[in-house]
Every structure is written in structure tokens, then in C-alpha cells.
Amino acid sequence: MTRVVGIDLGTTYCAVAVADRSGSPSIVRNREGENITPSVVMFQGDTVVVGSQAKRSAATAPDHVVQFVKRYMGETDPVYRSESGTPYRPEEISALLLKRLKEDAELVLGEPVEQAVITVPAYFDDARRRATLDAGRLAGLEVLRIVNEPTAAALAYGLGRSAGDGPDDGEDGAPIGTVLVYDLGGGTFDVTVMRVEDGDYTVVATDGDRNLGGFDWDGALMNHLNSAFMAAGGQDLNEDSGLQAELRDKAEIAKRTLSTAAQTIVVLSAGGRHEQIPLSREEFEEITAELLDRTRIITEGVLEEAGLGWADVDRLLLVGGSTRMPMVKELLRRLSGAEPERGIAQDEVVALGAALVALDAAVRAEEAQDKRKYVGSGASVDSAPGDGLARLTQGRVKSIRDVTSQSLGMVAVHEEDHTLEYNAVIIPHNTPVPAKKSDTFHTLSDRQSRLRVRVTEGDDEDLAYVKTVGEGVIEIPRYPKGAPFEVFYSYDVDGIIHVEVKDGTTGRWLGEFELERPDNLDPAELAELGDRVARIPTL
Ligand code: AMP
């Protein structure tokens, strides 16, 4: 069986893990011996430096350092331009991170690492999932699955519990009940409600904000510190990129200090002026109260979607480095009246869960191969979950079922007024995946020869409030106006969309659409950038 690694590709840190054949996952350290690698890339001429070394340079060489790239995944604008003017897209920067993680894992495991499972925030949309897949490909990895971070976290957590840990644990030690995963990382916020019952992990509802994380707490603190520095007669630190990067560093350190200490002092220096700015946890919590409240609103919304109240939550799981801030625990304690789970390695739990999914993928690939050998090549191999993982984990993980985080629809034309377009939802959000649903649309003119499908993401009927993911055109037989065509949308387990069309008159399948995704790389770009990434040495 080949080794498949699980990778948590985070906004601020990444982690890699593998699971052994007994189903127990462990972190694979990087070449510096660290459990997590900062998601920071520094360009140095033709080479790039990745990780801690690059992070340390963020203040001294800010113009050559790229960080927080996860925030831009699924967008087309370059996030960096080299000195010679070469633009780098978010996928490429992520690929450089992944390449380094792959090389480190190979070094530590002593064998080639070619396949991986990569995690993404649950609410990542199609373009961002696709961009993550592409980043893996650019790094020379075969990405077997894209997994939602809270699902991975719950898996690792569920598996990590030993028998009899809690009053409502199953005989085999798996936690039973409704689990709320509150994941506040460096750049993103994700909340998921999940049912865990006898080894079956079923996501009920999920939502998040891709632009809410520790980064924003740092930003609020930076503003506060900068104002204090200016009020004392200092210059505006935001006007110089080096000083700003230094301010960000200091703000982050102060934030971390305040997770354990009640106060701290931040020393700021610029233009020959030195200021000592005292800061208490209380002040910090006041400055960032609005950010915390945004997480509350999203969390309560998810519970409502799940049709549950706080009293129904059996376990609260805190994931992501930013949940170390005492204000997070206090908020959840106050809302739920319960104590969040302790003893969870916030930075590692997602990668550990990904390693379990990776093991599952490897076991399935092996089983499929055995089956192929058995029934002869060319036979179809069913993709239903195998029992390999259940066996390896002694029944503690039997199935993993996720839901769609975005509603998927199609731009439809109003039956009476053809100038009116609206969004017709085909797969509502929080539908279990894999999902396949259809809707019937009618041709608008006699002898219409083509059908255009524009795929949307979002709930609103008004097209102004939804995103167009991609579109495709398919040739159709010419019929009188009003001929029915059934458009099928499916969401695979990775959360990637496929579209097929059936002729409603004859019942014949017209085929699958190749969606043009304007936000993602096309095959030619993928090949070109893959070569480029392969040529760049990562230190
Ligand atoms: P993650 O993306 O889950 O690795 O989370 C990284 C985020 O957690 C960054 O914004 C860190 O500043 C933040 N973080 C890490 N440790 C602490 C801590 N002790 N207190 C507050 N925030 C922390």
C-alpha cells in the first residue's frame, strides 16, 4: 500500500500527518523538526524559502514574502510579482508550500510521497476547492480527496478518545451525539454541526466566513497600537511596509501573550522614537469584541439550520490556533452552558484527521486493485465506501458523510417575461454529498439548437447576490419552443460540481458539460505552471 499523507494547508500554518495500518495517525515533522510549518513563502532570486525561515524574514524583506495566500485561493489576480515581473497566482504559491511539505515528508518518512488528501474550510466554494486541487497538482501531488477541515477534526478527535472517556461514550470509545466544531484559524472561520453515532460521522450543517481569523484580531490590535504610537507623537507605522510587518509581528506576539497573561507591554520603535504601550487582556477583548460576535452570529445560524439549540449540543470541539484566546472559550461557555473539550492539539487535529481519510483512500485504492485483479481488468469498481477503514480502526470510524456548503443553481429565464433572469436553486446547501439533483428547463424558441447552462452558487433568487461558478453550452436536438430538458447537478465527495443534461422528449442523455471556470487554471496553464513550480528550488 502506498503512503498517502494528510495535509492541513492553513492560512498561517500547515501540518502533515500519516496514519499507520492500525489506523493511528501521527504528525510528520518538517525538516526543521517542527510539527507545523508557517504558510510563508519568501522569494530569493530563483529560489524560494518556505516556513519558519521565511516567516522570520517577513519584517526585514516584506516585499519578497508572501503569506496568508489561502485567503486568495480561487481568485485570478497574482499575489506576487517577482523582480523580473513574473506574476504568481495563489495556486502557485500554495503549490510551493505543498512542494516543500512533500519534500519534508519524503525526507522524514524515507520514501516518495506522491498522493495526498488536502483539507479546506467547509464553506470553501467550487473555485476555491478547485484551486486547492490544482495547487496539489502543481506541486506534483495526486490529490485523492479534498476534505472539509471540521470533518477531519471531528474524525481525529473521535478516534483519539479512549473507551469510557465520557458518560455517553460508546462501548468502543467513540463519542456519541451532536458535536459542534468551532474552527477559528489564522485566516478563516468555520463552524460545523455533526452527528457522531457508532462510528458514523454525519455533517448536519455548516457555514463560515473565509475572511475571519486570527489575522483580523491582529489587524484590530495593529490599529490600536498604531493609534497609540501616533498619539504619543510617533509616525504612522502603516505607511512603511517594513514597519507595518514589524507591527503585525508584535501585535501577534502580544495577542498570544494575552492568551495566558492578563497584561503585556508592546515596545514600538520608529524614527528614533521608542514607546512602551501597555495592553491588558480586557482592552484586547474590547477592541476585538465585534470580531468575536461575528463568530457567534454564524455559529447560532448553523445551529438554527440544523434545527437544534445549544441544549442539543453534546460536545464542543475547538479547532484552530485562535481558539486559544480565552474570549473564545468564554463565549462558548456562556452560550452553551457547557465546557469545551480540552486536550486537543488545535494546530494538529485537522492534519491528523486528514491522515485518516488518506488511509481510507489508500485502503480503497488497494481494495479496488484487488477486486480488479479478481474480476479481471476493465471491470467496473464500485465506489461505495469500503469497510477497510472500519476494519483498521476497529469500527471506530465507519462512514464519513459531508454536506454541501453552498447552494448550487442555474440562471433561468422567467417563463412569461424572457428578459427576466433569476437564480433557480437545484441543490440547496447542507445537502448530503455526494448529491445529485435535477430540474427541468424549457427551450425559449423554436428550433433552438443550443442550451446554455450558467452554474451559480448562492441562495438568493436575485442574480446580484449569487456567484457564477462557470458555464457551458451543449448542442440539443431542434424542437418546437418549450421542449423540456432536464439539467442534473452533482456534487462529488470533494465538493466539485458536475453538470449533465437529459433530453426530456426522448429521455436520452446528452452528456456532461465541461464547465468553463473563469476563476481557475485551464489545462494549458496547469501544465505550464506545473513546470515552473517543479523548476523552483524550495529551501
Ligand atoms: P491555525 O491557522 O489554526 O494554525 O491558527 C493560527 C492562528 O492562531 C494565528 O492567527 C495565530 O496567531 C493564532 N494563535 C496561535 N496561538 C495562539 C495563542 N496562544 N493565542 C492566540 N492566538 C493564537
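Computed from heavy atoms alone, side chains included, the values below leave out hydrogens, waters and symmetry copies. Ligands are counted one by one from 1 in listed order, and the atoms in each one are counted from 1 as well. Being a predicted model, the structure only gives us computed values, none of them experimental.
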Is any side-chain heavy atom of L237 less than 4.5 Å from a side-chain heavy atom of Q244? no
Separation between CZ (F189) and OG1 (T295), nearest 0.5 Å, reads 4.5 Å
Going by heavy-atom distance to atom 6 (C) of ligand 1, choose the closest among T12, I36, T260. T12
Under a 4.0 angstrom heavy-atom cut-off, which atoms of ligand 1 come close to M325? 21 (C)
Sub-4.0 Å atoms of ligand 1 with respect to non-hydrogen atoms of S259: 18 (C), 19 (N), 20 (N), 21 (C)
Should G10 be listed as contacting ligand 1, given a heavy-atom distance under 4.0 Å as the test? no
Please could you name the atoms of ligand 1 that S322 approaches to less than 4.0 Å, counting only its heavy atoms? 7 (C), 8 (O), 10 (O), 13 (C)
Salt bridge check, D216 against R71: does any charged N sit closer than 4.0 Å to a carboxylate O? yes
Shortest reach to atom 22 (N) of ligand 1 by a heavy atom, considering only E252, K255, R324: K255
Go through ligand 1 atom by atom and flag the ones less than 4.0 Å from a non-hydrogen atom of G320. 3 (O)
Side chain to side chain donor-acceptor pair (under 3.5 Å) partner of E339, the single match among K329, R315, R333: R333
With no hydrogens and no angle check, is any side-chain donor or acceptor of S57 less than 3.5 Å from a backbone partner on Q53? yes
Identify the residue among R128, K467, R130 that makes a salt bridge (Lys or Arg N to Asp or Glu O under 4.0 Å) with D519. K467
Identify whether NZ of Lys or CZ of Arg in R81 sits under 6.0 Å from the centre of the six-membered ring of F43 and within 45° of that ring's axis. no
For ligand 1 and G186, I'd like to know whether there is a polar contact (N/O to N/O, distance under 3.5 Å). yes
Please confirm whether T11 approaches ligand 1 to less than 4.0 Å, judged on its heavy atoms. no
Using distance alone, decide if ligand 1 has a nitrogen or oxygen within less than 3.5 Å of any nitrogen or oxygen in G321. yes
Locate the shortest heavy-atom distance separating V40 from A54; write the atom from each residue and the value. O-CB, 3.5 Å
I want to know if ligand 1 touches Y13 in the polar sense, i.e. an N/O pair below 3.5 angstrom. no
So the atoms of ligand 1 within less than 4.0 Å of a heavy atom of G214 turn out to be 10 (O)
